[in-house]
Each structure stands twice: as C-alpha cells, then as structure tokens.
Amino acid sequence: MAAPYNHRAIEEKWRKHWEENPININDGKKEKYYCLDMFPYPSGNGLHVGHWRGYVISDVWSRYKLMQNYYVIHPMGWDAFGLPAENYAIKMGIHPSKSTADNVSKIKEQIQEIAAIYDWDMEVNTTDPAFYKWTQWIFVKMFEHGLAYQKEMPINWCPSCKTGLANEEVVNGKCERCGEDVTKKNLNQWMLKITSYADRLLADLDKLDWPQKVKKMQTDWIGKSHGAEVDFQIEGKTQSITVYTTRPDTLYGATFMVLAPEHALAKDLATEEQRAMVEDYIYKASLKSSVDRLQDKEKTGVFTGSYAVNPLNGAKVPIWLSDYVLADYGTGAIMCVPAHDDRDFEFAKKFDLPIIQVIAKDGKEIENMTEAYTEAAGTMINSGDWNGMESSELKLKAPEMIEEKGVGKKTTNYKLRDWVFSRQRYWGEPIPIIHCPDCGPVAVPEKDLPLLLPDVESYQPTGTGESPLADITDWVNTTCPKCGKAAKRETNTMPQWAGSSWYFLRYIDSKNDKELVSRKKADSYLPVDMYIGGVEHAVLHLLYSRFYTKFLNDIGVIDFDEPFHKLFNQGMITGKNGIKMSKSKGNVVSPDDLVRDYGCDSLRLYELFVGPPELDSEWDDRGIDGVYRFMTRFWNLVMENKDKNAQKTNELKKIQSKLVYDITNRLESFSLNTVVSGFMEYNNKLLDISKKGGVDKETLETFVRLLAPFAPHISEELWSELGNNDSVFHHGWPSYNEKDMEEDEIEIAVQMNGKTKVTVTLPKDCGKEEAIAKGKEALGEKLTGTVVREIYVPGRIINIVVK
RNA sequence: GCCCGCGUGGCGGAACAGGCAGACGCGCAGGACUUAAAAUCCUGUUGUAGUGAUACAGUACCGGUUCGAUUCCGGUCGCGGGCACCA
C-alpha cells in the first residue's frame with residue numbers, strides 16, 4: 001500500500017526546498033511578465049479568506065506565466081501610511097510606527113502561508129524613509145512643474161478622522177473610511193492639479209485592457225461635457241456674469257439666472273431691499289454640510305433684486321441665489337431654462353418664475369406643463385432667428401454661433417476636481433515644503449530628502465485643522481533653503497494614496513538610493529502586465545496611479561504613460577447572506593485553521609472553486625471537504641498507477657489532450673472555478689480507467705503539470721514520485737494534439753419540433769441523408785404526424801419538424 | 001432620478017458560437033465495509049404523475065424572432081453596484 005496523502009509533511013518539505021532552490025529565475029534572456037497584487041495595508045486584524053483569494057488568483061497566474069517560460073515579476077509590499085493604520089494605532093494606544101511594524105510582520109507570515117512566488121527581495125514599505133524619500137521627491141517635482149499648489153477654500157472635512165479629504169474619499173456625503181458625515185471647513189490646502197490631465201486620463205482609457213465597468217466609472221468621474229460659456233450683462237452695471245451650459249440651444253428660453261451662494265458677485269448683486277435676506281441665505285448655506293445639501297431635495301433660494309440681460313433677445317432676467325448651484329463647477333452660475341431642465345422647472349414653480357418653451361415636442365408646445373421637457377428633440381420656437389431649426393442639430397452648432405455673435409464661447413467642462421492633498425494627521429509623509437516670509441513656499445532641496453517624519457509621543461489629531469506636527473517647534477522652525485532666513489516647515493502630511501500611486505515602479509529597483517527607479521530597469525521590466533485587486537479602488541487608487549504615471553512619463557522618469565496594462569477585479573468573499581466579513585460582525589473566517597487542517601493546496605483550490613473569481617461569493621467552510629477529497633483521490637490515482645506501466649490507449653490519448661485543451665482554455669479566460677471542476681471531472685474519468693486497467697505515466701504527468709500552478713506542493717511531490725528530479729515548474733506548459741481529440745463517432749440529439757426525444761450515434765462525417773434516416777429510425781414509433789422539415793446541423797443536432 | 005450588471009435544483013454554481021439544461025462540488029437519502037462510529041466506496045437526488053420504461057412542466061415574469069432560446073430582441077418585476085442637484 002502506497003503512502004497516504006499527508007499534506008503537512010509534503011507542504012513543509014517543498015516550502016523548504018523552494019527556499020533553497022528558487023524556481024523563478026531572471027536569467028536575463030527570458031521575456032518579463034509583471035503580475036502585481038494591490039498591496040495591502042497592514043491591518044491589525046490579519047488576513048481573512050477573502051484577501052487570500054486575490055493572492056491565490058495572482059499566484060496561479062504568475063506560476064502559469066512562469067511555466068510559459070517568462071521571468072515573472074511578482075512582488076509584495078505594504079501600504080502602511082495613512083488613516084487606517086493610524087486609527088488602529090490610536091485605538092490600541094500603540095505608536096503607529098510600532099503597530100504598523102508589528103502588523104506587517106504578522107501579515108507577512110500569513111501571506112507566506114499562501115506559498116506564492118513573491119520575490120521578497122523586492123519588498124517595499126511606504127513608511128520606510130528610503131521609500132518615502134521618492135514619494136516626497138515626486139511632490140517636489142510636481143511643485144516645480146506647477147502641479148502642486150496651495151489654495152484656501154472650503155474642503156471636505158471629516159470630524160471623526162479630524163482631517164480634510166479628497167473628493168474621491170467622500171461617498172454619499174460620508175467619510176470613505178469611517179462613515180461619519182462630512183462637513184465643510186475652510187482651510188489652506190495643498191492641491192494637486194489632476195485636472196490638467198483630465199483629457200489624457202479620459203482618452204487613454206481606450207488603450208487599457210480593463211473591465212468595462214471600471215473604465216466607465218472613471219469616465220463618469222472625469223465627467224467631460226461639451227457646451228458653451230455665455231455672458232449675461234448685469235443691468236445697470238459694467239460687469240457681466242458668465243454661465244456654463246450644455247444646452248446653448250435653449251438660450252432663448254432662459255428666464256432667470258441662479259448663482260451659487262459662494263459666487264464672488266453674490267453679495268454685490270443684492271439690492272438695498274434684498275440685502276438682509278441675501279446675507280442671511282449666504283450665511284445659512286455656509287453652515288450646511290454636504291449631507292444636508294444632498295438630502296434637502298426641496299429647492300431654496302433668494303432673489304438678489306438685480307437683473308441681467310439675455311444676450312440674444314435682450315429680455316430682463318432676475319438673478320437669484322440658490323445652493324442647488326455648485327460653486328466649484330463651471331462658473332458657479334447658471335442660466336435657467338425651466339421649460340427644459342428639471343431643476344430649473346422645480347425652482348421656477350416654487351418661486352413663480354416665467355416658463356418659456358423653446359423646443360416644440362412633436363411639433364407643438366406642451367400645454368399645462370407639469371414637468372420639464374429635457375430632450376434635445378423637436379423644432380425650435382420662440383427663439384428669434386433660430387426658429388424652425390432642429391434642437392439636436394442646434395445643440396451642436398450653438399456654441400460656435402454664440403461665439404460668432406460675441407456673447408460667449410465654446411467650451412468643455414469636467415466633473416473632476418483638483419486633488420486635496422493635505423492631511424491634518426501625523427501618520428503620513430511630511431509635505432517637503434518650507435514657508436519663508438520672503439520667498440513664499442520653497443521646496444526642500446533634493447539633498448535633504450527624505451524629510452523624516454519626526455518621532456513624537458503625541459500623535460493624536462488636533463481637530464483644529466492643524467496637523468499634530470505643528471506643535472513640534474524644533475522641527476517646524478527652520479531656515480529658508482533659498483535665502484537662509486528663519487522659516488517654518490509645512491506641517492500637513494500626505495494622504496495614504498501618495499505612496500500607493502507609484503509603489504509598483506519601485507519594486508523593480510527597491511534599493512536604489514540615487515533614483516526613484518533606474519531608467520534601464522524601468523525600460524526592461526515595466527509597466528505592469530497584470531494587476532489584480534478589488535474593485536473598490538476603481539476611481540481612487542487607479543485614477544491617482546494613472547495621473548502619477550503620466551506625470552513621471554512627462555518628466556522623463558519612465559517611458560510609458562499607463563501603469564497597468566490589464567486589470568482584473570476579483571469579487572469579495574463575504575460571510576453568510578452576503579454580509580461583509582468584519583470583526584464587529586463576528587463572521588471573519590481566518591485561513592490559518594483551514595491551512596492547518598486541509599493544507600495550503602486544498603485551500604488554494606477551494607478559494608477558486610467557491611465561484612467565478614470576478615463575482616462576490618459567500619464563504620461556506622463545508623465545501624472544502626470536496627476539494628480535499630479530490631486531492632486525496634488524485635494522490636491515490638497517481639500512487640496506484642505510477643509503477644504500473646499501463647499502456648497508453650487511444651482513449652487515454654484523447655483524455656490527455658482534451659484535459660490540456662480544457663484546462664488551458666478555462667485558465668486563459670480566467671474561469672478558475674471551472675478549471676477546478678475540470679480537474680475533478682477528469683480525475684473521476686481516470687479513476688474509472690484505473691479500475692479497469694491502468695493510466696499511463698504520461699497522462700499522469702500531464703495532469704500533474706496542469707495542476708502545478710494551482711496546487712504547487714502536491715504537484716511537485718507527485719512529479720518527483722513519477723521519477724523526475726527537477727521542479728515541475730521547469731517543464732513548460734503542456735500542449736495538446738488536435739488529432740488525438742478527434743472523435744470517429746459523435747452522439748447527437750434527435751429532436752422533434754425542437755424537443756429532444758432520443759440520441760443517436762453517427763459517424764464523424766455523416767451526410768444529411770444518412771443522419772436524417774438514422775434519426776428517424778431512432779425515433780421509431782415516436783415519430784408521428786407529417787414531416788414538414790428536416791434539419792441536420794453536423795455534429796450538433798437533428799431536428800424533425802412535424803405537423 | 002440617471003447609468004451599469006445580474007436573476008438557473010435544498011445550496012455554491014456549469015452550459016464553447018442559438019443545438020441533449022442542471023457539469024463539478026456541498027448537502028440530503030439509501031446501500032457496502034465495521035461490533036459500532038468516523039473515514040472510504042457504491043447508488044440516487046429539478047418538479048409533478050407512474051412500480052416502471054416513460055410522459056408533461058421547467059432557467060424571475062409576459063411577449064417576440066427562430067426548426068430550435070438559459071443564450072438574441074422588447075416590456076415588467078426583483079436584487080446588487082456606481083453616480084447623485086455637474087446645468
């Protein structure tokens with residue numbers, strides 16, 4: 001009796017073996033393949049089975065590429081700065097530098113349980129000064145190129161995390177991290193001018209092999225629109241108000257204007273009688289949080305008392321203020337066409353403002369309008385010289401026509417805002433700027449980088465809008481690098497996204513202290529070929545990384561302008577009923593016990609078997625038994641047959657080729673759950689054959705080679721049991737023989753009126769006449785009625801249509 | 001409100017390109033082995049009717065295209081996700 005499957009002994013043996021004899025070697029000749037995981041932040045809770053799945057998927061893919069003879073770049077690192085790590089530290093009362101280091105070593109141990117082929121020599125950690133030196137260096141370069149600038153403005157503020165947030169970090173008016181309602185706070189902030197890359201960020205999405213969903217989310221986030229800016233002269237003043245509209249075709253229907261309460265002219269426009277009301281409205285609007293602003297569906301507003309002139313027809317239109325107009329989009333002012341815009345319609349109804357239709361729907365004006373007609377479809381009416389034109393055509397031409405008339409210009413707009421980059425927190429990269437009373441903001445010289453984060457006792461956020469660093473006077477007080485006079489350091493830190501926006505560049509040259517990455521290495525090993533991670537970063541990290549990459553390309557650090565060629569988003573593993581795994585819900589499944597009881601190989605297979613990798617799956621521990629049974633049976637199959645010297649029959653030839661064909665196709669299309677079911681299915685077939693006679697060695701070896709990327713330990717062990725002395729990963733990916741898969745006879749279904757009645761076995765190249773005859777014969781007595789049509793699709797179906 | 005995706009047994013899920021729906025696995029039921037249990041192996045497992053071969057129904061619902069629809073088209077309902085006053 002051969003040895004039973006002992007996962008613990010086997011896995012321990014091969015882990016040690018791989019450590020001493022690495023299987024992924026860069027010999028300088030092989031083509032590279034860069035397969036990257038989204039690096040984790042070192043949470044104190046450790047890994048759960050959901051994290052595992054992503055890492056298993058990327059490792060399977062990496063090992064597959066390895067077997068296809070690539071030099072595989074498959075690194076891992078730590079996104080250790082930022083709010084989650086700091087909040088954890090505060091909660092536990094441990095200094096973040098210590099708690100993150102502890103968590104990193106804990107998680108690293110867990111990640112090593114996966115037995116992925118990570119190259120730990122490449123490891124990076126965003127909190128390592130040797131790493132963040134370059135995070136700061138990029139900021140300095142952006143500052144020098146005018147892409148990092150300061151601005152005093154009301155920004156999103158999380159009262160619980162006590163810091164400012166980027167637009168991307170506010171989800172439904174709440175803080176992305178802690179769920180607290182986000183308020184506004186007026187702060188002087190460092191901003192990154194991501195908007196100057198808006199067009200390229202949008203256009204280059206076409207180049208990427210990414211899920212449609214993610215591309216669309218980025219497209220929507222960038223939110224490019226085409227339209228016109230139109231100038232409305234203020235009555236009795238020399239100034240005019242510029243509005244942005246995507247519907248210049250409706251300009252004749254503009255019956256009033258609305259300015260955001262924060263608009264620069266808002267106060268000046270108030271007449272004596274209206275002044276008190278206007279100032280009251282502006283004050284109240286400033287107190288509203290973004291949640292209030294979202295939730296208050298009911299329109300509010302105040303009349304300024306002033307009027308403007310419609311530049312086309314000279315009509316006098318009242319100027320109102322309302323918080324439904326956003327101050328930071330377009331010009332912060334809009335022209336209102338209540339007949340053709342829902343929001344303007346609602347506002348006009350509430351404040352009893354005139355409604356003029358300028359598009360005739362189906363050739364006539366709508367009587368008793370109860371809602372706005374918002375489509376650009378119909379003939380123009382009440383529109384002076386535009387009357388009779390088609391609205392959809394006019395919409396496209398109007399911007400130029402307005403430009404010709406000298407009352408405005410054609411323009412585009414984006415929803416994307418510049419990136420609020422300052423955080424009033426301790427645990428981040430200090431922004432390397434010195435504020436000099438004479439020179440203004442001056443970058444810390446490159447020779448002084450990294451600018452170290454000072455080690456302090458008190459790192460709690462202050463909540464005042466000042467960073468905790470502001471209290472460290474010896475650190476704050478310095479001299480200006482330009483003029484040498486006394487100056488103060490910037491005390492805000494960078495957001496968590498700063499390090500993660502470029503870390504993938506650093507892995508391939510992680511110890512270089514002269515450059516961010518050597519150009520030679522960058523040209524050889526970058527960009528990333530396959531990027532695997534959750535979909536939650538669709539607009540945050542993935543947009544920021546693309547922005548950074550384009551900038552670094554522009555300044556010549558790298559020679560490409562998109563970081564990630566292909567993106568795969570794995571689904572989430574949830575607890576029962578689709579509830580997200582979390583410590584507070586008590587439904588976290590740790591991989592540790594499963595690895596102990598079933599082995600790493602079984603857990604790897606089961607992580608894939610639970611469902612399609614791109615979809616969310618509910619975790620159910622029980623299913624792993626099935627995978628473990630498969631492993632045992634396959635083990636027994638090989639052990640029983642390895643020395644049998646069984647003949648290779650035609651049947652076995654066919655099975656071998658079909659196995660390679662099926663597994664490869666499923667793997668290529670990332671249908672990893674069906675790869676595993678395929679292994680089970682073919683194993684069952686071979687067990688059957690084994691009972692009848694035996695399975696030849698080549699078939700067994702082929703199976704082992706295919707299984708290797710999925711279950712590496714057992715595959716290496718069986719590979720050696722089959723008499724091989726080297727690693728199974730050095731034998732390439734198996735190929736199949738088309739001829740061996742050909743069938744002489746094919747069983748096909750015989751239908752009557754499209755419903756299958758019987759099956760019949762036909763020769764491979766059976767002609768129609770013979771096929772129909774055999775089909776009818778097989779139907780026998782079931783064939784009733786008059787035959788009106790006979791359909792034969794070779795290899796697929798016979799269908800007899802009767803009446 | 002707008003945009004995107006998805007609805008298949010008791011459960012997770014499969015079905016290449018419009019051609020035998022339910023592969024594979026879990027669970028469950030019965031059997032073998034065992035003093036017994038676990039493990040293992042075998043058989044069955046969409047529903048209804050029938051001892052049975054078999055018949056009919058069936059991929060959220062209604063309709064269409066087709067010899068034939070889980071697959072394509074239109075509509076309805078349900079679930080999930082994204083955006084959310086962006087003019």
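What you are looking at is a predicted structure, and each value in this text was computed from that prediction instead of being measured.
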Given RNA chain B, 5'-ward residue of the pair A:M680 and A:S617, judged by closest heavy atom: A:S617

Can you tell me, in whole Å, how much space there is between the P of B:G22 and that of B:A29? 25 Å

How is A:V610 classified with respect to the nucleic acid when contacts are heavy atoms under 4.0 Å: base, sugar-phosphate, or nothing? sugar-phosphate

Does the side chain of A:S225 get closer than 4.0 angstrom to OP1 or OP2 of B:A87 through an N or O atom? yes

Nearest-Å distance, CD1 (A:I791) to P (B:U66)? 12 Å

A:Y414 and A:D199: side chain donor to acceptor below 3.5 Å: yes

Interatomic distance, A:E618 CD vs B:C6 P [rounded to whole Å]: 19 Å

Side chain of A:Y244 only, please: which of B:G82, B:A87, B:G19 is the nearest? B:A87

Side-chain donor-acceptor pair present, A:S391, A:D249, cut-off under 3.5 Å: yes

Return the nucleotide paired to B:U65: Watson-Crick means purine N1 to pyrimidine N3 with N6-O4 or O6-N4, wobble means G-U with N1-O2 and O6-N3, both under 3.5 Å. none

Residue matched to B:U43 through Watson-Crick or wobble contacts both under 3.5 angstrom: B:A29

B:C6 pairs with, by Watson-Crick or G-U criteria that keep both distances under 3.5 Å: B:G78

Looking at B:A87, I'd like to know if its phosphate oxygens (OP1 or OP2) sit under 4.0 Å from a side-chain N or O belonging to A:Y329. yes

Could you tell me whether the side chain of A:K415 has a donor or acceptor atom within less than 3.5 Å of a complementary atom in the base of B:C83? no

Using Watson-Crick or G-U wobble geometry with both distances under 3.5 Å, which nucleotide pairs with B:A49? B:U54

Quick one: A:E614 CD to B:C4 P, roughly how many Å, whole number? 20 Å

Is the phosphate of B:C41 approached by A:R633 (side-chain N or O, under 4.0 Å from OP1 or OP2)? yes

Using the P atom as the point on both nucleotides, what is the distance between B:C73 and B:A39, in whole Å? 48 Å

Kindly point out which of B:C16, B:C20, B:C24 is positioned nearest to the side chain of A:I797? B:C20

Nearest-Å distance for atom pair CD/C1', residues A:E681 and B:G22: 13 Å

A:K299 to A:Y324, cation-pi by 6.0 Å centre distance and 45° axis angle: yes

Looking only at side-chain N and O atoms, does A:K213 come under 4.0 Å of OP1 or OP2 in B:C83? no

Do A:W221 and A:E168 pair up side chain to side chain, a donor and an acceptor below 3.5 Å, judged on atom types alone? yes

Under a 3.5 Å limit on both distances, the Watson-Crick or wobble mate of B:U70 is none

Just to confirm, is there a sub-4.0 Å distance from OP1 or OP2 of B:A57 to any side-chain nitrogen or oxygen of A:K755? yes

Syn or anti for B:G9, please, going by whether the chi angle lies within 90° of 0. syn

Nearest whole Å is fine: how far is B:G82 P from A:I222 CD1? 18 Å

Can you tell me which nucleotide in B:C24, B:C4, B:A87 comes closest to the side chain of A:L326? B:A87

Could you tell me how far B:G30 sits from B:C67 if I compare only their C1' atoms? Round to whole Å. 43 Å

If you look at every strand shown and take non-hydrogen atoms under 4.0 Å, does A:D220 touch a base, only sugar-phosphate, or nothing? nothing

By nearest atom, which of the nucleotides B:C20, B:G13, B:C24 is closest to the A:N673 side chain? B:G13

Work out how far the P atom of B:C77 is from that of B:C62, and round it to whole angstrom. 15 Å

Rounding to an integer number of angstrom, what distance separates B:C6 and B:C16 when you compare their P atoms? 14 Å

Nucleotide of B:A14, B:A87, B:G19 approaching A:Y324 most closely (side-chain heavy atoms): B:A87

Within the structure, does a side-chain N or O atom of A:R622 lie under 4.0 Å from either OP1 or OP2 of B:C26? no

Can you tell me the distance, in whole Å, between the CG atom of A:L615 and the P atom of B:G13? 7 Å

Cation-aromatic face contact A:K685/A:Y682, 6.0 Å, 45 degrees: yes

Side chains of A:T195 and A:D418: any donor to acceptor distance under 3.5 Å? yes

Counting heavy atoms from C-beta on, name the nucleotide in B:G12, B:C56, B:A21 closest to the side chain of A:T756. B:A21

Any strand: nucleotide that pairs with B:A15 via Watson-Crick or wobble, under 3.5 Å: none

Output the rounded distance in Å from CG (A:D616) to C1' (B:G7). 15 Å

Any side-chain to backbone donor/acceptor pair from A:S690 onto A:L686? Under 3.5 Å, distance only. no

Hey, is the side chain of A:R629 poking within less than 4.0 Å of OP1 or OP2 on B:U40, counting only N and O atoms? yes

A:H340 side-chain N/O to A:I359 backbone N/O, donor-acceptor pair under 3.5 Å: yes

Indicate, with a heavy-atom threshold strictly under 4.0 Å, whether A:N684 touches base, sugar-phosphate, or nothing. sugar-phosphate

B:G68 and B:G19, which share atom name C1', separated by this distance in whole Å: 7 Å

OP1 or OP2 of B:A15 under 4.0 Å from side-chain N/O of A:T674: no

Whole-Å gap separating P (B:U40) and CG (A:L637): 17 Å

What about A:E747: does its side chain form a donor-acceptor pair under 3.5 Å with the base of B:C20? yes

Side-chain donor or acceptor of A:T411 paired with backbone N/O of A:E229 under 3.5 Å: no

Of the options B:C56, B:G13, B:A87, whose atoms approach the side-chain atoms of A:K757 most closely? B:C56

Taking only the C1' atom of each, what is the distance from B:G78 to B:U8 in whole angstrom? 15 Å

What's the gap between B:G64 and B:U54 when it is taken at their C1' atoms, as a whole Å value? 33 Å

